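Note: hydrogens, waters and symmetry copies are ignored here, and every other heavy atom, side chains too, is used. Values in this document were obtained by computation on a predicted structure and should not be read as measured data.
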Amino acid sequence: MSGSGIGLIGVPRRLCHQNLSFLRDRRLQRMLELAGHELRPGLPGAEEGVLVWGASPTAWRGERIAARKGVPLVRVEDAFLRSVLPARAGGGAALGLLIDPVGVHFDGSAPSRIEQILQDQNLYNSNILDEANQLIDCIFESELSKYNNFDLELPAPDAGYLLIVDQTRGDASIRQSGATAATFRCMLDRALSDHPDARIVIRAHPETTLGLRRGHYGPEDAAGRISLLTAPVSPHRLLANAAGVYTVSSQLGFEAILHGHRPRVFGQPFYAGWGLTEDELPIPRRTRRLTREELFAGAMLLAPLWYDPCRDRLCGLEEVIRQLEAEARAWREDRHGHVAAGMRLWKRGRFQAVFGGAKPLRFRGDPAAADRLASSIGRSLLIWAGKEPAGFAPKVPCLRVEDGFLRSRGLGAELVPPLSLVTDGLGIYYDPTRPSRLEGLIAQPLTEGQRRRAETLIARIRAAGLSKYNLGGAVPALPPGLRILVPGQVEDDASIRLGAGAVRTNLALLQAARQANPGAVILYKPHPDVEAGLRPGAVDAMGLADRVLSSVDPAALLDQVQEVWTMTSLLGFEALIRGLPVTCLGAPFYAGWGLTRDLGPTPARRTARPDLTQLAHAALIAYPRYWDPVSRRPCPVEVALDRLASGEIPHPGRLNRALSKLQGRFAGLAYLWR
């Protein structure tokens, strides 16, 4: 350390700058602060340093001052997973930074911190390389790159082409890499001569396709066997279908190596010279021969400073992958905008926050009116699943929306907004009369990484005692014997109307459980909304249940029972992930897969036999979208778990509680007059 205190190796504790943009960059300031550094404007003193942005046009000021004062010069650049959109397109602050007291990673003429890391023999550490291999798979599964404004529905060109990677004109990574604009013409000519019969696809840079900066190739280059790709196709799909890759210094060359390519490189980027590329401009000082895992470990695990914007802390790469995956999914699903229908007034603020990040939502009460508006302005339709009219046939793509399965600390009927929402373009999870997106996800096999993540999630849910609403409430002393939990439900709920069999009321459920288990201890737990007087379903359980457990934490209760009987309650799913046997008299989303004892009819189409981990991954990771009310941004399920476990969630005020009571009175009157 040049300075004192903890911090990045070789970086002084206090860094000075002469760049006005650094004053506005709160993310940079915060990340340096968390790493033990202080950033301030002005001239450096003794044992301080100067911070500049890479090799930007303004970096010369800091370079000159550092040289004159004889203090360290530190350069900062975005790391290789940045954001959904480029910074020039409103992509916001980066999730990771490369802070380099040695040089800059794209300057091949001199060493950099990444280069020093890659030369270090510690890269042979098996734990680091195992982690690198796992995280490469995670990036592939999530289809993440530096920028992520691509469309996962767009196919790559037919396999077998040679991929030429364009970059933006005047970029410092070209100049510092020993290349010029003429190098790109040379690269294309070389590709044509090296592969006289191959199809050639030139991939335009994301900033070029957005009209932000010019590239080196244009429509005039697309002729004969050469095509120019400007559509936002996933770079991972492009690389998977490519027979070879030519690049100057693009990050896509690094990603090509991860995909198993040996790209031909015409500049001197950080990934060249390690035996993984065909180099037109060799770098003699790079003497080691690396594997792709070692290259990845140095560039992605050891060199960057990664930041978790939800929990406001420095973090590891895996957390960044999960965060960026959540943000990219939200942007891709919402980028064209939605018209929302069937949303109560109190829900609209949260829906605007969750689904209106790319374009603000337009709300309509009537689904037909919403469909007409969406069709006229080129948007899709969001409709609260329970408000979809029978026989409704929208003209535009329609996503049905419902609460997710890790929802909140408090009831929806008390107007507590959700942390998770599910969207379904096929059906909805509680309606077994038609397929749903969740069914397809449950039937999909898992990769090793997905399985590890789901298993960790299950363990965390069990350890934290989490459920859908997380209301708390101590469990009283229970009678000894075989304890069977019978959860009550809201009897006019859509899951009962659409998914129940012959048993459709709480009373009939209790009778069936008692008749089948005359010697068992039957524990009846009323539904929280029914207990609160907000929804119908009250029942006199005397003579059928040994105990009626009001205001009891269901997660804690599951730890003290041996079995669950239910119609379609989510408590059956929560019991399954705690290893309990579950008997279903209806057809909830988790029934019919061989994981439950099914006494009611289940859809014949559920022929797959997933295990519990597949079910949990589908229901808790792949199906829902999570939104963090603290940082107010999309988040992965792990952040939602932290919020639910800690209780760090902004709660609705007195107005919401008053509205919920009024809503409950009207619901009760409607039930009596049906």
Side-chain angles (χ1 to χ4, degrees), residues 7-11 15 21-22 25-35 37 39 51-56 74-88 91-107 112-118 123 128 131-132 135-136 138-140 142-149 167 171-173 176-177 206-207 235 249-255 257-258 269-271 292 294-328:
L8 296 161
I9 295 174
V11 178
L15 294 168
S21 65
F22 283 172
D25 195 336
R26 295 183 179 179
R27 174 71 56 80
L28 171 63
Q29 295 175 42
R30 180 59 177 154
M31 290 177 69
L32 285 170
E33 178 186 2
L34 290 169
H37 300 273
L39 181 64
L51 187 71
V52 299
W53 191 270
S56 67
V74 180
R75 300 182 192 270
V76 60
E77 271 284 343
D78 292 336
F80 304 124
L81 286 179
R82 188 196 186 280
S83 53
V84 176
L85 292 166
R88 289 180 175 83
L95 292 173
L97 295 173
L98 294 165
I99 298 173
D100 195 330
V102 180
V104 62
H105 68 85
F106 51 71
D107 184 355
S112 66
R113 182 165 177 265
I114 284 184
E115 183 175 306
Q116 290 183 343
I117 290 170
L118 294 174
L123 274 180
I128 293 176
E131 182 182 3
L135 293 179
I136 290 170
C138 285
I139 288 175
F140 286 0
S142 305
E143 295 203 47
L144 295 178
S145 186
K146 182 172 185 178
Y147 307 124
N148 296 276
N149 56 322
Q167 295 174 243
D171 193 81
S173 70
Q176 301 292 120
S177 187
E207 291 188 352
S249 60
S250 169
Q251 182 180 316
L252 213 59
F254 170 55
E255 295 173 8
I257 293 170
L258 302 183
F270 75 91
Y271 53 82
R292 71 162 194 162
E294 289 169 337
L295 178 66
F296 182 90
M300 300 293 282
L301 294 178
L302 301 178
L305 197 65
W306 295 113
Y307 177 72
D308 180 344
C310 292
R311 290 172 280 206
D312 185 30
R313 67 187 187 192
L314 299 181
C315 66
L317 175 59
E318 184 170 5
E319 291 171 284
V320 166
I321 291 171
R322 300 309 178 200
Q323 179 63 37
L324 189 52
E325 180 183 32
E327 294 185 9

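Between Val74 and Pro101 there is a side-chain heavy-atom pair separated by less than 4.5 Å. Taking the side chain as every heavy atom from C-beta outward, Leu317 and Phe296 approach each other to under 4.5 Å. Side-chain contact between Trp53 and Asp78: present, with at least one pair of heavy atoms (C-beta onward) separated by less than 4.5 Å. Residues Leu295 and Leu258 are not in side-chain contact: their nearest non-hydrogen atoms beyond the backbone lie 4.5 Å or more apart. Between Glu115 and Val102 there is no side-chain heavy-atom pair separated by less than 4.5 Å. Counting only heavy atoms from C-beta outward, the side chains of Ser177 and Phe106 never approach each other to under 4.5 Å. Using a 4.5 Å heavy-atom cutoff, the side chains of Asn149 and Pro86 are in contact.
With rounding to the nearest 0.5 Å, the separation of CD in Glu33 from CG in Leu28 is 11.5 Å. Interatomic distance, CD1 of Ile114 versus NE2 of His105, reported as 6.0 Å (0.5 Å rounding). Between the CG atom of Leu314 and the CZ atom of Arg30 there is a distance of 8.5 Å, given to the nearest 0.5 Å. For the atom pair Leu51 CG and Leu32 CG, the distance stands at 6.5 Å (nearest 0.5 Å). Taking CD of Glu77 as the start and CZ of Arg82 as the end, the distance is 10.0 Å to the nearest 0.5 Å. Between the CZ atom of Arg27 and the CG atom of Leu95 there is a distance of 6.0 Å, given to the nearest 0.5 Å.
Side chain of Arg113 to main chain of Ala303: a donor-acceptor pair is present (N/O by atom type, distance under 3.5 Å, no hydrogens or angles). Under the 3.5 Å distance criterion, the side-chain polar atoms of Asp100 are left unmatched by any main-chain donor or acceptor of Arg75. Although no hydrogens or angles enter the test, the distance criterion places no donor-acceptor pair under 3.5 Å between the side chain of Glu207 and the main chain of Gln167. His37 contributes a side-chain N or O that, together with a main-chain N or O of Leu8, makes up a donor-acceptor pair within less than 3.5 Å. The main-chain N or O of Ser173 is found under 3.5 Å from a side-chain atom of Ser249 such that the two form a donor-acceptor pair. Between the side chain of Gln323 and the backbone N or O of Asp308 there is no donor-acceptor pair closer than 3.5 Å. Ser250 places a side-chain N or O within 3.5 Å of a backbone atom of Leu252 that can act as its donor or acceptor partner.
The two residues Tyr307 and Leu34 come nearest to each other via the heavy atoms CE1-CD1, 3.7 Å. Pairing each heavy atom of Ile321 with each of Ser142, the nearest pair is CG2-OG, 4.0 Å. Of all the heavy atoms in Trp306 and Gly96, the pair that sits closest is CE3-CA, 3.4 Å. Residue Pro304 comes nearest to Ala299 through the heavy atom pair CG-O, 3.2 Å, listed as atom of the first residue, atom of the second, then distance. Nearest heavy atom pair, residue Ser145 against residue Glu255, reads OG-OE2, 2.7 Å. Annotation for Gly298 and Ile117: closest pair CA-CG2, 3.7 Å, computed over non-hydrogen atoms.
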(request) Tell me, with the steps shown, if Glu294 and Leu118 meet side-chain contact (heavy atoms from CB on, under 4.5 Å). (result) CA-CA 7 Å; Glu294 289 169 337; Leu118 294 174; 5.9 Å; no
(request) Please lay out, stage by stage, how Leu98 and Phe270 fare under the test side-chain contact (heavy atoms from CB on, under 4.5 Å). (result) CA-CA 12 Å; Leu98 294 165; Phe270 75 91; over 6 Å; no
(request) Might you work through the side-chain contact (heavy atoms from CB on, under 4.5 Å) test for Glu327 and Asn148, ending with a clear yes or no? (result) CA-CA 9 Å; Glu327 294 185 9; Asn148 296 276; over 6 Å; no
(message) Test side-chain contact (heavy atoms from CB on, under 4.5 Å) on Met300 and Leu81; report intermediate values, then the result.
(response) CA-CA 9 Å; Met300 300 293 282; Leu81 286 179; 3.9 Å; yes
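Side-chain rings of Tyr271 and Phe80 stay apart, their centers remaining 6.0 Å or farther from each other.
The existence of a salt bridge linking Glu319 and Arg322 is excluded, since no basic side-chain nitrogen approaches an acidic carboxylate oxygen closer than 4.0 Å.
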